[in-house]
Amino acid sequence: MERSYISHFRPEVDNISGYTPGEQPREAGIIKLNTNENPYPPSPGVSKEMASFDAARLRLYPDPLATAVRAEIAAMTGFSIDSIIAGNGSDDLLTIATRCFTDAVRPMACFDPTYSLYPTLAALQGAKCIQIPLTDDFEVPDDVLKQTEEANLFIIARPNSPTGNLFHKPQIEKICAEFHGIVLIDEAYVDFSRDNCLDFVRTYPNVIVMRTFSKSRSLAGLRFGYAIAHPKIIEGMIKMKDSYNVPMLTQKLALASLWDKAYFDTCIAKVKTDREVLILGLKELNFKVLPSEANFVFAAPPKNAKNYFLDLKRRNILVRYFPTARTCSYVRISVGSIEEISVLLKTTKEILSETGSNNSVGSYVTTGIGRSSER
Ligand code: PMP
């Protein structure tokens, strides 16, 4: 007789629902502004490298330390190669850091709202996560150090997501100088912003700065991220990572994307210009739009945000809606191409002009719709 299933998981695994990534639809014809991908293709050098890649080489394992791409990042940033670790996207590095620095007696700290993967990783690790509410305008509260006294790892997204703002640098420096544990500054969106915190790694041996190729380098599908910190921190994180965490093709193409700086600069400039078009357009439609230093905007529609999100979805435009207390009157919209922005604004105008369609909570068929965005 077949035995019935009994869970052997640790309760930390059984007791959480897990992180739900944004929807990744496979159908054509959808305007996808929900996971902050870049609307432009990766640099032409990436396609060239891919075309010349000999599949026979895949017989072999990749370089466990991604040496060539780390060396290029070292040359670009002025840090030594032993200050850099490569990851399978920056989510991989977040997992490694959580496993290195948190456990049942070493809590994590992060802000609320922020990237919701952080508390999920802490929960999986069996670590407490101290979530510090941002102020009403989504800034860092003055008593942040007091609230995080117990924590051993403090993860700060700068620019923050989903809010898009750039916390004041002096406030972050004070945290780096006075927090007694590790400060991990997640700079996933930094290339779209006016400054960065890399200089803190030089001054403070407890600071990790983490970046990704998923957003500014148009390589979300490739899975490449890196972190820079004191060589002792990197040495420990390397012990914790999978031996071959970055695939061979990923290493090769990530390196190729670093060579074409002019292309990179052009794409960033376009996204920044178009971000202003999106912000202005939304403001003209009476949205409250937060200042953004990222490739997305966080905006409160003049009517019910969830219904606006669902209305867009029915018209094949995906944005992100987070139904938490602090975020439920906003949607997060990625800066797409100028054509996509124009369709979004035109559709939004239509939605808003449809009488009674936006305030009527409950008048929508919600079965299944938007479930994957409910985090
Ligand atoms: N940090 C933040 C703040 C993010 O929004 C994301 C994207 N979801 C990541 C890290 C992870 O990016 P990736 O794993 O694609 O490098």
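As a basis for the values below, the full set of heavy atoms in this structure was taken, side chains included, without hydrogen atoms, waters or symmetry mates. The structure presented is a predicted model; accordingly, all values stated were derived computationally and were not measured. Order of appearance sets the numbers: ligands from 1, and atoms from 1 within every ligand.
Salt bridge present: Lys261 and Asp265 bring a charged side-chain N and a carboxylate O closer than 4.0 Å.
Considering only non-hydrogen atoms, atom 11 (C) of ligand 1 lies nearest to Asp91 out of Asp91, Leu219, Thr95. When the heavy atoms of Phe224, Tyr226, Tyr115 are ranked by distance to atom 6 (C) of ligand 1, first place goes to Tyr115.
Near Ser214, meaning under 4.0 Å from one of its heavy atoms, ligand 1 places the atoms 13 (P), 15 (O), 16 (O). Near Gly89, meaning under 4.0 Å from any of its heavy atoms, are these atoms of ligand 1: 14 (O), 16 (O). Residue contact check: Arg223 has heavy atoms under 4.0 Å from atoms 13 (P), 14 (O), 15 (O) of ligand 1. Near Lys215, with a cut-off below 4.0 Å to any heavy atom, the atoms of ligand 1 are 7 (C), 8 (N).
You'll find the ring centres of Phe192 and Tyr189 outside the 6.0 Å limit. For an aromatic pair to be called close, the ring centres must be under 6.0 Å apart, and Phe298 with Phe287 fails this.
In this structure, the protein non-hydrogen atom closest to atom 1 (N) of ligand 1 is Asp186 OD2, 2.6 Å. When hydrogens are left out, the protein atom nearest atom 5 (O) of ligand 1 is Tyr189 OH, 2.7 Å; that is the closest non-hydrogen contact. Annotation: atom 12 (O) of ligand 1 to nearest protein heavy atom, Ser90 OG, 3.3 Å.
Cluster annotation: Val13 is not connected to Ile6 through the hydrophobic network of ILVMFWY side chains, with a link wherever side-chain heavy atoms come within less than 4.5 Å.
Classification of the Phe138-Tyr330 ring pair by plane angle, with boundaries at 30° and 60°, yields perpendicular.
Residue Tyr19 has no N or O atom closer than 3.5 Å to an N or O atom of ligand 1.
Not close to ligand 1: Phe213, with no non-hydrogen atom less than 4.0 angstrom away.
Contact annotation: the side chain of Tyr263 approaches that of Pro41 to within less than 4.5 Å [non-hydrogen atoms, C-beta and beyond].
Judged purely by atom type and a 3.5 angstrom limit, Gln251 has no side-chain atom pairing as donor or acceptor with the backbone of Val69. The backbone N or O of Pro170 sits nowhere less than 3.5 Å from a side-chain atom of His168 that would complete a donor-acceptor pair.
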